[in-house]
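In what follows, every chain begins at residue 1, and chains take the letters A, B, ... in the order their sequences are listed.
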2 protein chains.
Amino acid sequence: MGTGTAEAGELTPGARKVLEAASTLFYERGITAVGVDLIAKEAGTTKKTLYDRFGGKDALIAAYLRERDRRWRSWLTGWLEEHAAAAGPRARLLATFDALAEWTRRHNPRGCGFVNAAAELPDPAHPGRRIITDQKLWLRGCLYELAVEAGAADPGRLADELTLLHEGATVLRGLALVDDPVARARALAEQTLDRAGATR
Amino acid sequence: MGTGTAEAGELTPGARKVLEAASTLFYERGITAVGVDLIAKEAGTTKKTLYDRFGGKDALIAAYLRERDRRWRSWLTGWLEEHAAAAGPRARLLATFDALAEWTRRHNPRGCGFVNAAAELPDPAHPGRRIITDQKLWLRGCLYELAVEAGAADPGRLADELTLLHEGATVLRGLALVDDPVARARALAEQTLDRAGATR
DNA sequence: GTAACGGTAGACCGGACGGTCTACCTCAGG
DNA sequence: CCTGAGGTAGACCGTCCGGTCTACCGTTAC
């Protein structure tokens, strides 16, 4: 019996194949529209493996979101280490938009996977909902810490504003009707940093 | 046989009941998760009426989006007439955020219905996709016209930025993890109008 | 050797899915 | 009077849904 909470690293080979297939299908076609039969088939396994390892579709959805969250977090922190390790907090705040630009280019052609998932999971008790809100709160927390370091007069407000710019850019990016929305968001972020006194 | 393009005003009583039930269910529970049997039952009609009037589920989805789009457009234009008729273009641009605030308070507890629908309609050929992009482009067009009137140096860029703020606020409003995101977006919009030279 | 584990294969369950159909009722217009 | 449009009621179709089950195979560990 699967635990439903295992990380990707501890998964059996069959479970990893299931999770990878589910991740692609859920994001590209929608969660509700994808059935467990298709997931098992695409993974080259059977439904038995899926149910033995994850317990059910809802738990698999949660595992999909957890894995996507894990990848985004390590992407963002890795990007900041690689491109803004020696930079000040203000530059690091702006670098989050660069990280977002490259992330959306690679993994978000259909918009934010978490916002899309939230659209399909109206039940507040669904295990995936918690992961979605945690993901957004984590980003806001990162921005808040950097806002404090940057010397913002009201770091909470600045974090809210930058979160708003991140989300707006991701959504517009998914709808593909504005040129390079992430660059626009970054430019707006610069203004906001100036006004908020985040000068360091 | 239904035309699939009729406006709400020309619908038969049975068709209107179907459309109203579908609108509520699609928005609150998700498009894919709601079946035609449930829609007919909630509408107090039968599937026959649904299929006679709309032709199929996909056409009903398109009718739902068309009706929601119609309501949002008339809401925004009505708000501007009522609250900013005598105001200048700059004040009217800011008033779009007030209109959005009241709209989301009334009709958007689960986020933007169009963004949510886009998440569930990956097929670019789906009749609903066109309506979604048209809705976003219409808003951008409104903002663009006002940006020109307000004397913005680069009205296209300003319209993109304000669209981004609208979308970001709507998404955060649906996730309910930031206090009053629309007010934050409005404040950011004021800065942006200043910087863009939209002073009239 | 054998027990435990992970996996494959595939039948099977009840119910919901989108969609079609026949039959009958009601009511307005020519 | 009768036709046609709109609606109700409900059976019916094949398919897919999430989920369970038995049976068998290969590897690893005691």
Side-chain angles (χ1 to χ4, degrees), chain A residues 1-22 25-26 29-65 117 120-123 125-128, chain B residues 1-22 25-26 28-64 117 120-123 125-128:
Chain A
M1 189 175 4
T3 65
T5 58
E7 279 188 26
E10 339 175 327
L11 294 177
T12 62
R16 180 155 49 248
K17 286 194 294 180
V18 167
L19 183 54
E20 282 172 10
L25 290 168
F26 283 158
R29 305 193 197 180
I31 291 173
T32 314
V34 169
V36 287
D37 295 272
L38 178 61
I39 294 170
K41 187 184 158 201
E42 288 290 304
T45 67
T46 64
K47 282 201 285 183
K48 177 125 187 344
T49 300
L50 190 159
Y51 278 91
D52 284 350
R53 293 304 120 216
F54 295 96
K57 190 184 179 182
D58 284 336
L60 179 58
I61 294 168
Y64 151 62
L65 293 170
E120 297 205 65
L121 304 177
D123 179 8
H126 192 285
Chain B
M1 187 176 10
T3 64
T5 58
E7 279 188 26
E10 343 174 323
L11 293 178
T12 63
R16 181 154 48 248
K17 286 194 293 181
V18 168
L19 183 53
E20 284 171 10
L25 290 168
F26 282 157
E28 290 181 356
R29 307 193 197 179
I31 291 173
T32 314
V34 169
V36 287
D37 295 271
L38 178 61
I39 294 169
K41 187 186 160 199
E42 288 290 304
T45 67
T46 63
K47 283 200 286 182
K48 176 108 178 9
T49 300
L50 190 160
Y51 279 92
D52 284 351
R53 294 301 119 218
F54 295 96
K57 189 185 181 182
D58 284 335
L60 179 58
I61 293 167
Y64 151 63
E120 297 206 65
L121 304 177
D123 179 8
H126 192 286

Q. Has B:Thr46 got a side-chain N or O lying under 4.0 Å from the OP1 or OP2 atom of D:dG10?
A. no

Q) Which nucleotide in the set D:dG19, D:dG7, D:dT8 lies at the smallest distance from any side-chain heavy atom of B:Pro13? A) D:dG7

(Q) From NZ of A:Lys41 over to P of D:dG18, roughly how many Å is that when rounded to an integer? (A) 15 Å

**Q.** Contiguous pairing runs of three or more, Watson-Crick or G-U under 3.5 Å, that involve DNA chain C
**A.** C:1-30 with D:1-30

Q: Write down the atom of A:Ile31, the atom of A:Glu120, and the distance for their closest heavy-atom approach.
A: N-OE2, 2.7 Å

Q: Under 4.0 Å between any heavy atoms, over every strand shown, what does B:Val18 touch: base, sugar-phosphate, or nothing? Just pick one.
A: nothing

Q: Answer yes or no: is there a side-chain heavy-atom contact under 4.5 Å between A:Ile61 and A:His126?
A: yes

Q: State, yes or no, whether a side-chain contact exists between B:Lys17 and B:Thr49 at a heavy-atom distance under 4.5 Å.
A: no

Q: Can you figure out which of C:dG6, D:dG10, D:dG19 approaches the side chain of B:Lys48 most closely?
A: D:dG10

Q.
Can you work out whether B:Thr49 or B:Asp37 has the more 5'-proximal nearest nucleotide on DNA chain D?
A. B:Thr49

Q) So which nucleotide from C:dT8, C:dG6, D:dG18 ends up closest to the side chain of A:Lys47? A) D:dG18

Q) For the residue pair A:Ala59 and A:Phe54, what are the closest heavy atoms and their distance? A) CB-O, 3.1 Å

Q | Presence of A:Thr12 side-chain N/O under 4.0 Å of C:dG7 phosphate oxygens OP1/OP2 | A | yes

Q) OP1, OP2 of C:dT8 versus side-chain N and O of A:Lys17: anything below 4.0 Å? A) yes

**Q.** Side chain to side chain, A:Phe26 and A:Leu65, heavy atoms closer than 4.5 Å
**A.** no

Q | Nearest heavy atoms of A:Lys57 and A:Thr32, plus distance in Å | A | NZ-O, 3.8 Å

